[in-house]
Amino acid sequence: MAAFACAALVAACSSDNIAATPPDSATTASSATTVESSGTNTETGNSAAPTGGSTDSEADKLPDGFGAGPPGDGLQQFYDQQIRWADCGGGDTCADFWVPLDYADPNGPAITLKAKRSPAADQAHKVGSLFINPGGPGVSGIDYLSFAGFDKAVTNVYDVIGFDPRGVGSSTPVNCLGDSTLDAFVASDPSPDTPREVAQLRRIWARYTAGCVADSGPLLQHVSTVEVARDLDVMRSVVGDRTLHYFGASYGTYIGAVYAALFPQFVGRMVLDGAVDPLASPHRTYIDQAVGFETALTAYLRDCVGTGTCPLGTDVDTARTKLIAFLTSLDSSPLPTSSGRQLTEGLGFLGVVVTLYSRSAWPTLSLALDAGLKGQGDVLLALADLYVHRRPDGTYAGNSIEVQSAVSCLDHPEHESLADIEAGAAEFDRVAPVFGPVATWYSYGCSNWPEPRIQPVPDFSAKGAAPIVVVGTTRDPATPYAQAVKLAEELDSGILLSRDGDGHTAYNSGNVCIDSAIDTYLADGTVPADGTRC
């Protein structure tokens, strides 16, 4: 598992809120319509399903989570659909959008996307809708709406819309494993180093893949980022926006980059924070990410030993060696916890990883390692559970773990043999002593995956697109800074904005320079100078 591991809509038609025809449709689009509905106020914020064209008997023949779609024919029916925004608490409204399961067969089965909208405070001066995605792949954009933390300058003029992409969360979901089986998957050895451990890895992944195929059905072949980007264009048009205003973080930047490649003419104000390089090979990405986490770990270790009370020692090299020894010891001797579960090497690794996403979590990591070195695994286990969204009752919030492989293996299929993986281990170990042994095995999941249906992407230059602000953080562990530099270069209209700092992504990280540049760009369209460094 990779570590990568955010009032009425159309009151009048202006140049910025006219619905568009689907780009590959010859049919003239009618104005998109949204209607307000009292709907059903539920804790999950889901409104009633969109008005569809199927009869009850037709719907009964389709798998759970599927439908016949809205009235009409071809792709146009999705661009012309009416949606119902329903009150879902806290001043927000929620709706479902129909999208085709397969864009090559728009008259075939349809699936639903859940979205949640926080209306603009100043509707009279509204710019449009700002769609947001926090990454993953597999993290809920609906959940992201509650903690994205946009400045009032942004929320005054945008209806901010978080959505769960296809396969994710409350949209028609990918399913692979039950909670107890998922526990075993998450706790498994991430860096097998004996024939017995490799055989166990193969069994675990075979069970995981079989579960995905059995429980997700045809959806498993239709959760690529190309399809997510096409869904985003449907939603853009249905809410009545001529251009897409978008804020994506982490993997959410890949969604934005793919959208820009497919629909450069519809790019509005777009911010890609914690950027992913879409042209990097999976192998290169895994190495870069291992190095990124190693860089973040080094920054933590320097800070830790500087306190004079670091549980790992008094210098960085000693501290790194002690951490490696501790994690390795969990392979043969997992630590007990008060919950009755064991802290395995896999769980200990995740407990360390999650704290490197934010500098504010470093003191917690020191506490967790101090306890772990004394034989107490509870704190690291709690951190690992936080990372995988496991609740105290043993259930999982969302399906981000299951979605991650499904999306990644469609976007970047890589079928490395066991011999190839093992032959490449030395390079990973050399550049990232702590994270390399785990990153070595990231590619195995896709090597074990069903043959994907490739969704081609045009070049990522997005010629003709409006300025796209690409944001990178110099010591970002999950999306290394070099990837932001490359994406900004690959985009014809890319504008690089850099944060010198620690942690994953830049916005809302305490850097006033970054926040001001992004807020100003989104609110009034003022583009920051290319190469700005904060």
Side-chain angles (χ1 to χ4, degrees), residues 6 19-25 75 78-79 97-104 106 110-115 129-139 141 144 161-168 171-172 174 219 221-239 241-273 275-279 403-404 406-412 452-466 468 470 487 490-494:
C6 225
T21 306
D24 54 351
S25 170
L75 187 57
F78 297 97
Y79 279 81
F97 293 74
W98 284 117
V99 291
L101 170 68
D102 183 354
Y103 276 89
I111 57 176
T112 56
L113 307 179
K114 305 284 186 180
S129 302
L130 179 66
F131 287 87
I132 61 174
N133 183 275
V139 182
Y144 188 42
I161 299 178
F163 67 100
D164 286 357
R166 59 172 58 214
V168 176
S171 295
T172 303
V174 165
L219 180 65
Q221 289 287 350
H222 292 287
V223 290
S224 70
T225 303
V226 168
E227 289 160 314
V228 172
R230 297 196 68 174
D231 294 344
L232 194 52
D233 195 61
V234 170
M235 290 190 288
R236 169 202 63 78
S237 181
V238 170
V239 302
D241 284 358
R242 185 182 62 83
T243 58
L244 176 78
H245 305 298
Y246 177 78
F247 182 98
S250 195
Y251 159 78
T253 68
Y254 187 65
I255 295 174
V258 172
Y259 182 91
L262 295 175
F263 307 107
Q265 73 276 29
F266 294 145
V267 171
R269 299 172 193 172
M270 180 176 285
V271 176
L272 307 179
D273 183 13
V276 173
D277 175 15
L279 295 182
V403 174
Q404 190 171 85
V407 174
S408 298
C409 295
L410 289 177
D411 285 352
H412 300 291
R453 295 179 58 174
I454 305 301
Q455 297 283 339
V457 179
D459 72 84
F460 283 92
S461 62
K463 290 180 174 64
I468 298 172
V470 180
L487 177 58
E490 290 155 6
L491 291 165
D492 265 16
S493 60

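Side-chain atoms are counted along with the backbone in the values below, which use heavy atoms only and exclude waters and symmetry mates. The structure presented is a predicted model; accordingly, all values stated were derived computationally and were not measured.
- Across all non-hydrogen atoms, the minimal contact from V168 to G138 is CG1-O, 3.3 Å.
- Between T112 atom OG1 and W98 atom CH2 the span is 6.0 Å, to the nearest 0.5 Å.
- Within the 4.5 Å cutoff, the side chain of Y103 has no heavy atoms near those of the V226 side chain.
- The heavy-atom pair separating A466 from G268 by the smallest distance is CB-O, 3.8 Å.
- The two atoms that bring P165 and S171 nearest to each other are O-CB, 3.6 Å, heavy atoms only.
- Between G167 and V403, the shortest heavy-atom distance links the atoms O-CG2, 3.2 Å.
- Contact check for V139 versus Y251: no side-chain heavy atoms found under the 4.5 Å cut-off.
- Scanning all heavy atoms of the two residues, the minimum distance from A229 to L262 falls at CB-CD1, 4.0 Å.
- Considering only heavy atoms from C-beta on, Y246 comes within 4.5 Å of L272 through its side chain.
- The shortest non-hydrogen separation linking P106 to P100 is CA-CB, 4.1 Å.
- Separation of atoms CE (M270) and OG1 (T253) is listed at 10.5 Å; rounding is to 0.5 Å.
- A side-chain donor-acceptor contact under 3.5 Å links H245 to the backbone of R269.
- Screening L130, V239, I132 for a side chain to side chain contact (heavy atoms under 4.5 Å, CB included) with I161, the sole residue that qualifies is V239.
- Looking at L232 and F263, their side chains never come closer than 4.5 Å, going by heavy atoms from C-beta outward.
- V238 is not listed as a side-chain neighbour of Y79, based on a closest heavy-atom distance of 4.5 Å or more.
- S408 is listed as a side-chain neighbour of P137, based on a closest heavy-atom distance under 4.5 Å.
- Note: F131 and F163 have perpendicular aromatic rings, judged against thresholds of 30 and 60 degrees for the angle between ring planes.
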Between V99 and I111, does a side-chain contact (heavy atoms from CB on, under 4.5 Å) hold up when you go through it step by step?
CA-CA 6 Å; V99 291; I111 57 176; 3.6 Å; yes
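- Side-chain contact between L410 and Q221 is present, with heavy atoms from C-beta onward closer than 4.5 Å.
- The CE atom of M235 sits 11.5 Å away from the CG atom of D241 when rounded to the nearest 0.5 Å.
- Among residues two or more places apart in sequence or in another chain, the side chain to side chain donor-acceptor pair (under 3.5 Å) test is passed with Y259 by D233, R236.
- With hydrogens and angles ignored, the 3.5 Å screen pairs a side-chain donor or acceptor of R166 with a backbone N or O of L101.
- Put simply, the side chain of V174 reaches to within 4.5 Å of the side chain of L219, judged on heavy atoms.
- To the nearest 0.5 angstrom, F78 atom CZ is 13.5 Å from S237 atom OG.
- Y254 and N133 share no side-chain donor-acceptor pair at under 3.5 Å.
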